[in-house]
There are 2 protein chains.
Amino acid sequence: MEYFSTDFTLGILGGGQLGKMLLYETRKWDIRTRVLDPSPEAPARLACNEFVQGDLMDYQTVFDFAKDLDLLTIEIENVNVEALEDLEKKGVRVYPSSETLKTIQNKGRQKLFYRDSGIPTAGFSRFAYTSEIQDSVENGGITFPFVWKSARFGYDGQGVKIVRNREDLTSLANVECIAEELIPFENELAVVVARNSEGETRTYPVVEMEFHPEANQVEYVLCPARIPEEVGLRAQEVALMVSQKLGHVGLLAVELFRTREDTILVNEVAPRPHNSGHYSIEGSYTNQFEQHLRAILGLPLGRTDSKVSAVMVNLVGAEGFEGQVHYRGLEDILKLPGVTPHIYGKKQTRPFRKMGHVTIVDPNIDMARDRAKLVKENIAVVSKHKIS
Amino acid sequence: MEYFSTDFTLGILGGGQLGKMLLYETRKWDIRTRVLDPSPEAPARLACNEFVQGDLMDYQTVFDFAKDLDLLTIEIENVNVEALEDLEKKGVRVYPSSETLKTIQNKGRQKLFYRDSGIPTAGFSRFAYTSEIQDSVENGGITFPFVWKSARFGYDGQGVKIVRNREDLTSLANVECIAEELIPFENELAVVVARNSEGETRTYPVVEMEFHPEANQVEYVLCPARIPEEVGLRAQEVALMVSQKLGHVGLLAVELFRTREDTILVNEVAPRPHNSGHYSIEGSYTNQFEQHLRAILGLPLGRTDSKVSAVMVNLVGAEGFEGQVHYRGLEDILKLPGVTPHIYGKKQTRPFRKMGHVTIVDPNIDMARDRAKLVKENIAVVSKHKIS
C-alpha cells in the first residue's frame with residue numbers, strides 16, 4: 001500500500017487538538033485525510049482534506065463517514081464502537097481496533113482486563129449503579145476513603161471523585177461505576193508504547209506528572225522522570241505488558257502510579273496520542289503523532305529517545321473567565337530560551353478548558369523545570385470580561 | 001497587536017513548499033492566513049484559512065490580495081514589487097520590504113549593493129544584454145572562465161552558467177546579466193540571520209553545502225559545517241553585516257563561498273526561509289519557519305542553536321521520470337534511526353523538480369552524514385513510466 005501523495009485516505013474520528021496535531025504529520029507526508037467532529041469550529045477542520053460535521057457516538061454517522069476508507073483512527077475513545085465493528089467486517093482497517101476500544105471505553109471492563117491479564121493495578125469493585133455502593137459500605141465490603149469512577153465517559157478528571165464519607169457519596173451521579181482503592185502514591189508516571197500493524201514495538205522514556213502541592217492537579221509533565229533507574233525500567237516493563245496483552249496497533253499511553261513502596265500500578269490507558277506525550281514534539285527524535293502514523297500505516301517505527309530534556313505545561317482557561325480567549329503574557333514567555341507555545345485554536349475560553357500547552361526544552365531537566373515555573377507564572381488564559 | 005486566535009490575518013505570497021511549512025507554524029499558533037499562488041494544486045492550499053489563485057507578478061492581483069491585510073510576507077522573491085510599494089504606502093506592513101526585495105530581485109543591483117556596502121563578494125561586471133559581453137571579452141575587460149548570471153529570475157541553478165569559451169557564450173539568453181569572477185572555492189556555506197521588526201538579531205550556526213564530487217550539485221546540507229571555528233565566526237560576521245546593511249525584517253539566508261585562502265565571500269541572499277535552513281525543523285531549538293513568524297510579528301526571537309547535528313538531503317525528481325510521483329524506498333529509509341522525510345505534496349514529478357527533503361539527525365555529525373549517504377542510496381523520486 002502506498003500512502004504518500006496518492007489517493008489513499010486516512011479517516012480520523014475527532015477533530016480536537018490531538019487530531020489537529022496529527023494533521024501536521026499527515027501534511028508533512030502528504031497523506032490525504034478526512035475528519036469527523038461534531039463541532040463546526042473543530043481545531044482540525046483546517047488542514048484536513050475533507051471535514052465532516054457529525055456525532056461521533058452515532059452509528060450511522062460513523063459508519064457512513066468511514067465505509068469507503070482503507071484506514072480509520074481516532075483521537076478520542078468515545079466513539080460508536082458498533083460502527084467500528086461493522087467497518088472492520090467490511091474490511092476497513094480500524095486502529096485502535098473496536099476490541100481494544102471496547103476494553104478501554106468501560107472502566108469496569110478495563111479494570112477486569114488488568115486483573116485477568118495479571119497486570120498490576122489498584123483493587124476495585126464494580127457496580128451497576130452508584131446507589132449500590134451504599135450497601136457494600138454497610139456490609140464492610142468497601143471502606144472509606146476510596147476512589148469513585150464513572151464507568152463511561154470519564155476522562156480528564158471528570159467522572160472521578162475521592163469519596164471520604166457517606167456525605168461525599170450522595171453527590172455522585174447514579175451510574176455504572178467502580179470503587180477503587182485509594183493509593184497513596186509517590187509519583188504519577190506515564191509511558192507511551194508504540195506498536196505497528198506488523199507487531200514491532202517501541203517504548204518511550206518514562207514521564208513524570210508533577211502535581212501542584214495544594215491544588216492536587218497535574219502542573220508539569222517532565223521527560224525524563226526524576227526517578228530511580230530500576231523504577232523506570234519496571235514502569236516500561238509494565239507498560240509493555242499492557243501493550244502486549246491488548247495487542248493494540250498505534251500508540252498506547254499507559255498512566256501509572258508509583259506507590260510509596262516503589263510498586264508500579266496501572267491507572268488507566270489511552271490508545272492514541274496523549275497529553276503525556278506532547279513533550280515529544282520538541283523533545284523526541286520521533287514525535288508521538290508521527291509515531292502513531294508510522295504505527296497505523298504499518299511503517300517502521302522511529303526512535304523513541306529524546307534529543308533534549310523537556311517539560312510540558314498545559315494552558316487551561318483561568319477560573320473566572322469565559323468568552324473570547326486572550327493569552328496574557330504570551331510574548332513574555334517567548335523571551336525565555338527553548339519555549340514553544342501550542343495554541344489549539346479554540347476561540348472561547350472557560351474555566352479549566354484545555355486551550356493549549358507549552359513545551360520547555362533544555363539539555364538539563366532542572367533548567368527546563370525552572371523555566372517551566374516561569375512560564376506558569378507569566379502566562380494566563382483569560383478573556384476580556386470576568387464572569388461573576 | 002494580538003495575533004493568536006484573533007481576526008488578525010497574515011498574507012503569504014507564494015504557496016509552494018516554503019509556504020506550506022510556514023503554515024505548520026501558523027497552525028501551531030492559530031494565526032489566520034491567506035495565501036496567493038498561481039497553481040490550484042499549490043502545496044500550501046491546504047491549512048491556510050483562505051486561498052487565492054492568481055499571478056504573483058501581476059500588480060492588481062497582488063494589491064487586491066493584500067490591501068485589507070495588516071501584514072504580508074513572501075515565500076518567493078519573484079513577486080510584483082510595485083504592488084508591495086503601494087501596499088506599504090497604504091499602511092500594510094510588508095516583510096521583507098519592497099526595498100529589500102528590489103535590491104535582491106535583480107542580481108546586478110544585488111552585487112552593486114554588496115560593493116557599495118563594503119561586503120566581500122566576487123568581482124563582477126553588469127551588462128544590459130548578454131550580447132554586450134562579447135565586446136568586453138574582445139577588449140580584454142573579461143577573461144574566460146567566468147560565471148554568467150541572468151539578472152532576473154535566476155534561482156535554483158537556473159539562469160547560471162559557467163562560461164569557458166566563446167562557444168559557451170552563444171548558448172545564453174540575450175538578457176540583462178552579470179559576468180562574475182569564477183571563484184575556486186573550498187566550501188559553499190550558508191548562514192541564516194533572523195531580525196525582527198524591533199531590530200533584535202540572531203544568527204544560526206554555519207551550514208555546509210557538500211557537493212557531489214562529479215555532478216557539481218549540492219548533495220548534502222550539514223549543520224554544523226565541518227570548518228575551523230575562526231572561518232565559521234567570520235562567516236557569521238559577514239552574514240550579520242549583510243543583514244545590518246539591508247535592514248531586513250524576517251529571515252535572511254546568506255549563501256557564502258569559503259575560498260581556498262579562507263576568505264569569505266557573499267554569493268547571494270534570500271530574504272525568507274530557505275532550503276539551507278530546512279535542517280532546523282528537526283535540528284534546532286527554533287525552526288526557521290517559527291523564527292520567521294516571530295521576526296515578522298515583532299515577537300522575541302527564539303534560540304538558534306541546535307539540539308542535535310543534522311544533515312539534509314533534497315528529494316528531487318530522478319532523471320528519466322515524468323508523471324504521477326512515486327517515492328521508491330521511502331519505507332527503507334524510515335527504518336534508519338533519526339530519519340524524517342518531508343513530502344511537499346506535488347503530484348507530478350519531473351527531472352530535478354524539488355519534491356521533498358529528508359532530514360537525518362544524530363548527536364554526532366559524522367554518524368548523521370553516514371546515514372544520509374544510505375538515505376541517498378535508497379530513495380528515488382520516480383514515476384510509473386520512464387520517459388524517453
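Atom set for the values below is all heavy atoms of this structure, side chains included, hydrogens, waters and symmetry mates excluded. Numbered from 1 within each chain, the chains take letters A, B, ... in sequence-line order.
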Query raised in the report: What's the verdict on side chain to side chain contact (heavy atoms under 4.5 Å, CB included) for Lys28(B) and Tyr24(A), showing C-alpha distance, side-chain angles and the deciding distance?
Result: CA-CA 9 Å; Lys28(B) 187 169 89 183; Tyr24(A) 300 161; 3.7 Å; yes

Query - Exam field: side chain Lys307(A) to backbone Glu282(B), donor-acceptor pair closer than 3.5 Å - result: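 Side chain of Lys307(A) to backbone of Glu282(B): a pair is present.
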
Query raised in the report: Can you tell me if Arg27(A) uses its side chain to pair, donor with acceptor, with the backbone of Gly345(B) under 3.5 Å?
Result: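 Answer holds: no.
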
Are there over 12 heavy-atom neighbours, none belonging to [X], within less than 6.0 Å of that residue's [atom1]?
X         : atom1 : value
Glu41(A)  : CD    : no
Asn364(A) : CG    : yes
Arg350(A) : CZ    : no
Glu319(B) : CD    : no

If I measure from the heavy atoms of chain A, does [X] come under 4.5 Å with its side chain, its backbone, both, or neither?
X         : answer
Pro43(B)  : backbone
Leu301(B) : backbone
Glu290(B) : side chain

Query raised in the report: Does the pair Asp362(B) and Arg303(A) meet the rule for a salt bridge (charged side-chain N to carboxylate O under 4.0 Å, His left out), with working shown?
Result: CA-CA 11 Å; Asp362(B) 196 275; Arg303(A) 60 193 278 191; 3.6 Å; yes

Query - CZ on Phe4(B) to CD1 on Ile343(A), rounded to 0.5 Å - result: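 With rounding to 0.5 Å, CD1 (Ile343(A)) is 6.5 Å from CZ (Phe4(B)).
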
**Report entry** Top contributor to chain A contacts, counting heavy-atom pairs under 4.5 Å, from Lys20(B), Met21(B), Gln324(B)
**Finding:**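 Between Lys20(B), Met21(B), Gln324(B), the count favours Lys20(B).
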
Report task. Specify which of Thr340(B), Asp332(B), Leu46(B), Val361(B) makes the most heavy-atom pairs with chain A at under 4.5 Å. Result ->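 The option with the most such pairs is Leu46(B).
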
Report task. Name the member of Pro341(A), Pro337(A), Gly302(A) that forms the most heavy-atom pairs with chain B at distances under 4.5 Å. Result ->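 Of the options given, most contacts go to Pro341(A).
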
Requested in this report: Specify which of Leu299(A), Asp305(A), Val339(A) makes the most heavy-atom pairs with chain B at under 4.5 Å.
Outcome: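 Winner by heavy-atom pair count: Leu299(A).
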
Report task. Would you mind reporting whether Tyr285(A) and Val308(B) have side-chain heavy atoms less than 4.5 Å apart? Result ->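 Heavy-atom side-chain distance check passes, below 4.5 Å.
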
Report task. Select one option (side chain, backbone, both, neither) describing which atoms of Arg45(A) are under 4.5 Å from chain B's heavy atoms. Result ->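 Looking at Arg45(A), nothing touches chain B.
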
Report task. Decide salt bridge (charged side-chain N to carboxylate O under 4.0 Å, His left out) for Lys347(A) and Asp30(B); before the verdict, give the C-alpha distance in whole Å, the side-chain angles of both, and the deciding distance to 0.1 Å. Result -> CA-CA 10 Å; Lys347(A) 302 301 176 202; Asp30(B) 196 37; 2.7 Å; yes

